[in-house]
Number of protein chains: 2
Amino acid sequence: MESLYPDTIRLLIDSYAGLTPELQKAARFMVEHPEEIGLNSMRGVAREAGVKPATITRLTKTLGFPEYESLREPFRQRLRTRSPEFAAKFQSVQRRGEAGDRSILADLRAQEMANIEFSLSDENLPIMEDAAQTMHDSRRVYVLGLRGAHAPAFLFHYAYQLFQENSQLLDTSAGIFADQLRGIGASDSLLVVSFPPYTQLTIDAVEYAAEAGAQIIAVTDSVISPAANAAAHTIVTKNQSPSFYHSFTGALAVTQALITMLVTKAGGDAVKIVEEAEKQLSRISAYW
Amino acid sequence: MESLYPDTIRLLIDSYAGLTPELQKAARFMVEHPEEIGLNSMRGVAREAGVKPATITRLTKTLGFPEYESLREPFRQRLRTRSPEFAAKFQSVQRRGEAGDRSILADLRAQEMANIEFSLSDENLPIMEDAAQTMHDSRRVYVLGLRGAHAPAFLFHYAYQLFQENSQLLDTSAGIFADQLRGIGASDSLLVVSFPPYTQLTIDAVEYAAEAGAQIIAVTDSVISPAANAAAHTIVTKNQSPSFYHSFTGALAVTQALITMLVTKAGGDAVKIVEEAEKQLSRISAYW
DNA sequence: CAGCAAATGAAACATTTGTATTATTTAGCG
DNA sequence: CGCTAAATAATACAAATGTTTCATTTGCTG
């Protein structure tokens, strides 16, 4: 990454830690949007970075530049010399990655984007909306995802428990799995994430919950998946991948969207509660 | 908003014959140095083109633009982005305010796709490739992701341990965190996933690992994030979301891509090993 | 060559720019 | 709590910007 950037970026990064908060804000924007420095006026950069013009001036002085123009010039230069195909004027720019195993990665990107597009499709939105309502109305919300599916399940539960206290992530450690489900009943719901090859334990758990009368919300790959058998709401997501392993980005996007809906339903304070909770957790080493 | 830029050049070329000599001089310069239009002021362009400022103004009017800024914008836009369609999508998402909740979900989809596109961008691929090589060469691979970042970290570790046995997922349960890191050394690597608000514990752990000489691979939101401080490879991913909570789909896509690369490096048998392992795990209730 | 319309240049303007200066806020400390 | 020094915002101002207006030059036609 270093070689791609002018030395000035390096300087920005190295100086970052010793800067004041406002200068950090400016420096950070510059590091993350280097093009804008070459493209816009100083005041324009300040505006985009959410900072006063004077702050940019101070930053240039702090970094050791005599005036803003000296800081800007390298960024300009970089934009000037970057794309040689600029010389080929009115040609449409077709810059796909080079050949070789890069193309696999390009496929991967395309596939993942398709997964997202499908998972958050217009058809799925009303289903997700209903599912969120069901969970919102539940006494307890159980969350289940084993093996790879643990990732989206965990994230859902983690985000959810920041603003609600009635969730339970089903855990397989120490053989307590069955115990956790014992209390499930008709006024509860179970969010289950499951993809082929389906785990037997997941299927059993869903069956048990369904018999207990719980509402099942299934995030899975097909309406005929075993997880969807007894489900009240089935959210179908793509999990295809050009790689050997299926992808969970679609499922993750779905669970994140569900969280968004649930926070909205939870009312106005929820947003602030979550933000506060996260900030506090980051400071105190909660798990140390 | 697409590739307006080639069109403007086209217009310049098509109009060229019918222009007056002085306007031709200006038009010619623009066609041959399109970058300068985006980079410099109008007077600057005039100077470089060897033409009076008024000439440029006349040219923009002759071409049908209301003012110079409209002529300049597409050139700017072109310099800003490698893939114009990405930038267009992305900015349209950001411009949006808080409308009805259906549009929030539409924004969410667009945003998530942009996150993926950015995370698996052409610039990131070589970095990820290097990172994968570093991990491949390591004696042990430690994996760290706390709170929300646990999801991608977990998935990486889960998929990895299907075909390699030298990984360790750093766990905060039961106060054993520090013990797990004790053995880390110069021939090891640490994959860390961290997003703001950064967890202090994560930062401490990265620092400790770096001092022990381990190679750090950071999946984070910025090159100046604390997790990237001592990192040998920093993979920057977008985690923006129109919702209250940041998104982890980008980070997940990155870790999945890393797995793909690592399996490839591991050699031909790895693919089959993984597939077999998954099938077996699904049948026997491994954790029951 | 005179006449004259088109093209160009010069000057003037209201804005906007970068920066220096001054005022205000913030955070730490006794 | 007040005090103080650092950090930030507000203000001021000269220089530069984009544009319009007016003056000058150019190239043509009779």
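Between A:Glu112 and A:Arg109, none of the side-chain N atoms (NZ, or NE/NH1/NH2) sits under 4.0 Å from a carboxylate O, so this pair counts as no salt bridge.
At the heavy-atom level, B:Arg72 lies nowhere under 4.0 Å from the strands shown. As judged by a 4.0 angstrom heavy-atom cut-off over every strand, B:Thr57 is placed among the base-contacting residues. No engagement by B:Glu69 is indicated, since no non-hydrogen atom pair under 4.0 Å with the nucleic acid exists. Backbone-only contact: B:Lys61 has heavy atoms under 4.0 Å from sugar-phosphate atoms and none from a base.
Spacing between atom CD1 of A:Ile56 and atom C1' of C:dA20 amounts to 16 Å, rounded to whole angstrom units. When rounded to the nearest whole Å, the span between CG of A:Asn40 and C1' of C:dT16 equals 14 Å.
The side-chain hydrogen bond (donor to acceptor under 3.5 Å, both in side chains) test applied to B:Ser119 returns no partner, not counting sequence neighbours. Under the side-chain hydrogen bond (donor to acceptor under 3.5 Å, both in side chains) criterion, B:Ser41 pairs with no residue, sequence neighbours left out. Annotation: side-chain hydrogen bond (donor to acceptor under 3.5 Å, both in side chains) contacts of B:Ser225 (sequence neighbours excluded): B:Thr220.
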Can I get a per-line list of side-chain donor-acceptor pairs under 3.5 Å for residues 45-53 of chain A, giving both atom names and the distance, sequence neighbours left out?
unit_1, atom_1, unit_2, atom_2, d
A:Glu48, OE2, A:Asn40, ND2, 2.6

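In the 5' to 3' direction, nucleotides of DNA chain D lying under 4.0 Å from heavy atoms of chain A begin and end at D:dA7 to D:dA10.
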5' to 3', nucleotides 3-11 of chain C under a 4.0 Å protein heavy-atom cut-off (B base, S sugar-phosphate only, - none) gives ----SBBB-

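A donor-acceptor contact shorter than 3.5 Å links the side chain of A:Arg76 to the backbone of B:Leu39.
Nearest approach of B:Pro196 to B:His246, heavy atoms of both residues: O-CE1, 2.9 Å.
Taking the six-membered ring for Trp and the full ring otherwise, B:Tyr198 and B:Phe195 have centroids separated by 6.0 Å or more.
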